[in-house]
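Okay, so here's the structure we're looking at.
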Protein chains: 4
Amino acid sequence: MAEKKTERDDAEPADRADVNTRVRRSKEAVLTVTLRLMFEEGIGGVSVDEVARRSGVAKTTIYRHWPSRSALLVDACSRLSSKPEVPDTGSLRGDLAALAGRLAEQLETARWPTVLPSMIDAAERDPEIAATYARLRSGFSSPYGPVIERARKRGEVARTQDVSEVVAAIVGPLFYRRWFSREPLDKKFVKGVIDGTLARLKPKI
Amino acid sequence: MAEKKTERDDAEPADRADVNTRVRRSKEAVLTVTLRLMFEEGIGGVSVDEVARRSGVAKTTIYRHWPSRSALLVDACSRLSSKPEVPDTGSLRGDLAALAGRLAEQLETARWPTVLPSMIDAAERDPEIAATYARLRSGFSSPYGPVIERARKRGEVARTQDVSEVVAAIVGPLFYRRWFSREPLDKKFVKGVIDGTLARLKPKI
Amino acid sequence: MAEKKTERDDAEPADRADVNTRVRRSKEAVLTVTLRLMFEEGIGGVSVDEVARRSGVAKTTIYRHWPSRSALLVDACSRLSSKPEVPDTGSLRGDLAALAGRLAEQLETARWPTVLPSMIDAAERDPEIAATYARLRSGFSSPYGPVIERARKRGEVARTQDVSEVVAAIVGPLFYRRWFSREPLDKKFVKGVIDGTLARLKPKI
Amino acid sequence: MAEKKTERDDAEPADRADVNTRVRRSKEAVLTVTLRLMFEEGIGGVSVDEVARRSGVAKTTIYRHWPSRSALLVDACSRLSSKPEVPDTGSLRGDLAALAGRLAEQLETARWPTVLPSMIDAAERDPEIAATYARLRSGFSSPYGPVIERARKRGEVARTQDVSEVVAAIVGPLFYRRWFSREPLDKKFVKGVIDGTLARLKPKI
DNA sequence: CAGTAAACGAGACGGTACGTCCCGTCTTATG
DNA sequence: CATAAGACGGGACGTACCGTCTCGTTTACTG
């Protein structure tokens with residue numbers, strides 16, 4: 001799905017079906033191998049030569065579709081995006097717990113957190129990667145908007161509360177545990193984060 | 001063997017003066033250039049050849065002191081550690097504000113945050129780098145222990161409160177802003193983080 | 001196969017007018033560009049891609065008409081052949097002087113001598129090119145036969161004289177100057193060659 | 001021998017023995033393979049990658065010693081030079097016959113004639129190769145000077161006779177047979193060339 | 001104060017990867 | 001059916017860097 005969109009994005013003029021078929025096949029093979037390599041050995045371990053070797057796609061062809069190794073990585077990374085649905089449990093606590101729980105679980109089990117630091121690092125210097133990263137990032141912060149909005153309507157949150165601060169208050173500590181401390185992301189910790197955030201959000205009477 | 005001695009040189013003042021002198025001179029020159037390169041072009045821009053070229057120290061010598069490019073980077077990064085003093089303003093809020101304010105400032109102005117993601121990424125796979133990184137990390141989390149302890153004595157914090165959760169609650173959102181959301185780390189945001197944390201720490205009566 | 005047909009197209013007027021027209025147009029365009037490229041940058045500078053680019057003829061089409069880059073070059077070169085008329089000045093000296101003078105002039109001013117070494121080189125290994133080259137070569141040696149024959153009738157040349165040796169005696173030194181010694185092909189030199197050859201041809205009384 | 005000189009030419013400062021040893025070994029291996037390839041498949045068949053593969057010398061190292069494929073070829077070709085001794089049979093005819101006979105034999109059996117057209121072609125555009133070629137060329141024309149000079153002293157040749165014309169008169173037809181006609185370089189032909197040249201050189205009484 | 005062992009410089013070397021150019025094949029749509 | 005358009009696998013080019021490996025040359029302590 002994400003991939004299809006990518007294809008379309010790339011070939012805006014819609015070209016001709018057959019060409020797209022061949023192109024898609026190549027790109028698919030290349031991106032698959034790229035992601036595999038990325039997960040196995042990190043972004044640094046992805047070399048165009050190796051991708052060519054493993055995918056059976058000629059290096060020339062790879063460079064026909066992506067102007068540089070970097071561009072290939074960006075494209076591959078853009079496949080990582082997970083589009084979480086917005087939970088609706090009826091209460092702010094329930095919604096936040098669902099979001100935080102899901103994130104905590106992903107941080108521990110999914111493969112994309114392995115790669116994220118590489119991206120952040122690359123984004124520090126490469127604006128193109130930065131853009132991709134921004135898109136990826138908005139993926140896991142987007143559900144918070146609707147959740148807070150609903151809570152506002154229910155009177156659980158002050159009208160003035162900034163959403164991005166809530167996101168930071170929940171996602172921040174989780175990410176911190178994952179990358180900056182290396183302590184476990186257990187239920188107790190996640191509950192603490194939610195409790196803290198809720199305590200903070202409690203509307204002043 | 002050479003390595004072992006090198007290690008010792010680093011940790012302890014001196015074994016044999018002469019050796020230390022020459023070794024130190026070389027290492028110093030190399031590390032200086034390495035850091036400069038790192039800040040200029042990121043970790044990716046640090047190549048042993050370039051370091052040798054700029055520092056005037058032969059590549060051979062560099063490899064005599066560090067077993068790999070990676071090790072050199074780690075060593076250079078370890079110089080970045082800032083050992084923050086423990087603030088003592090008399091109140092928990094004051095102490096946390098001091099710590100958070102200092103960190104926020106550093107995140108925006110200091111040069112080491114530029115490099116951190118590279119380290120985290122490398123740490124994801126290289127245990128040696130992971131160790132160095134852990135040491136570095138403990139630098140900015142260590143002052144929280146004493147601060148919380150004092151607050152506990154003053155009755156501002158429940159006895160059961162886990163320090164690492166407090167660190168996560170404060171440092172987490174700050175880091176999040178720096179690397180994951182790129183929104184400004186302004187005073188308002190920092191104050192929000194402190195408020196939220198305090199709200200959470202408030203001992204249940 | 002394609003070649004055979006191509007050959008026929010060249011030799012005969014038309015099977016089906018329209019087809020021949022299109023084929024001829026393509027071939028014409030391709031060969032023109034090929035020759036231009038050849039003269040501009042030498043045989044090494046002729047790449048099928050570049051010919052396609054400049055001529056507007058698709059690479060596919062080029063390969064339909066010529067099985068390889070090499071074949072294209074050969075074909076292009078074969079256009080270089082100049083069919084010199086047989087001079088008839090009344091004397092052997094006059095005839096040979098005319099032939100040698102013309103050749104000397106061409107060697108210095110015409111564009112095909114630039115390319116000849118490439119062909120010779122290629123001919124060293126590629127029999128197809130060798131054949132084309134032979135055809136080309138026979139072009140400038142053919143007039144010597146009639147000239148010598150006439151001289152024989154006039155008694156200027158011994159009956160036993162081998163024509164090919166005369167050709168070698170005249171063309172050889174000229175070519176030598178052009179490619180092997182790079183000294184100028186001036187009138188004096190050409191006259192010397194003719195004198196030498198005549199001295200040699202003088203029939204023993 | 002030729003090789004030794006080359007080495008010395010390359011490393012004028014005489015450097016250090018061991019380094020030269022290593023360098024010489026590499027260069028030797030590379031040049032040997034290069035020449036082999038050149039004879040097998042012509043200059044066009046020499047690729048740096050292939051040379052690296054066959055010689056076991058890394059491509060990097062090859063490029064350390066020669067700035068380009070072209071330079072490598074030039075160097076390899078310079079090994080082809082045969083330094084013919086100046087014959088002294090007592091008569092001009094004998095000397096020329098010796099020289100021409102030797103050349104005719106080489107043209108048919110030696111390996112360098114295989115490569116010469118490639119060189120001439122390359123020389124047409126590359127001045128560096130042109131220089132090497134000039135050096136090579138002077139190799140087989142140099143003995144004619146002394147031979148003619150001696151003949152002059154014996155009164156066999158006019159004082160005004162230009163040496164280069166003699167060279168052209170002998171070498172020219174031989175080369176012509178080799179590369180431009182493809183007829184055999186038999187004894188009869190060589191004798192004819194010598195006779196013709198002598199007829200021409202006979203001093204006017 | 002000479003001898004010695006380390007640290008050092010210089011740089012050759014094999015190797016992997018980069019990104020580019022060209023070759024010749026192929027597939028499909030268009031006239 | 002010739003053609004335009006262009007993707008594709010493959011090979012070579014020349015460059016940058018990695019980490020290894022000689023070798024001779026300081027340098028400063030020791031005997």
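Protein chains get the first letters and strands the later ones, always in sequence-line order, with residue 1 at the start of each.
In this structure, D/His65 does not reach the E/dA12 phosphate: none of its side-chain N or O atoms is under 4.0 Å from OP1 or OP2. Side-chain nitrogen and oxygen atoms of C/Thr61 include none within less than 4.0 Å of the OP1 or OP2 phosphate oxygen of F/dA2.
Distance from the side chain of B/Arg22 is smallest for F/dA28 among the nucleotides F/dG6, E/dG14, F/dA28.
With rounding to the nearest 0.5 angstrom, the NE2 atom of C/His65 is 5.0 Å from the OG atom of C/Ser26. The line from CG of A/Leu72 to CE of A/Met38 is 9.0 Å long, rounded to the nearest 0.5 Å. The structure places CG of B/Leu31 at 10.0 Å from OG of B/Ser55, a figure rounded to the nearest 0.5 Å. Interatomic distance, C/Arg69 CZ to C/Thr34 OG1, rounded to the nearest 0.5 Å: 10.0 Å.
Between the CG atom of B/Leu72 and the P atom of F/dG19 there is a distance of 10 Å, rounded to whole Å. The distance from atom CD1 of D/Ile62 to atom C1' of E/dA12 is 14 Å, rounded to the nearest whole Å. Counting to the nearest Å, the P atom of E/dA17 and the CG atom of A/Leu37 are 10 Å from each other.
Closest-nucleotide positions on DNA chain F for C/Ser26 and A/Arg25 were compared, and the one nearer the 5' end corresponds to C/Ser26.
For C/Arg54, the side-chain contact (heavy atoms from CB on, under 4.5 Å) partners two or more places apart in sequence, or in a different chain, are C/Val33, C/Arg36, C/Leu37, C/Glu40, C/Glu41, C/Glu50.
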Please output the side-chain donor-acceptor pairs of residues 56-63 of chain A that fall under 3.5 Å, not counting sequence neighbours, one pair per line with the distance.
| residue | atom | partner | partner atom | Å |
| --- | --- | --- | --- | --- |
| A/Thr61 | OG1 | A/Arg64 | NH1 | 3.2 |

| request: Summarise how protein sits on nucleotides 12-17 of chain F as a single string, 5' to 3': B when a protein heavy atom is under 4.0 Å from the base, S for sugar-phosphate-only contact, - for no contact. | output: SBBB-B

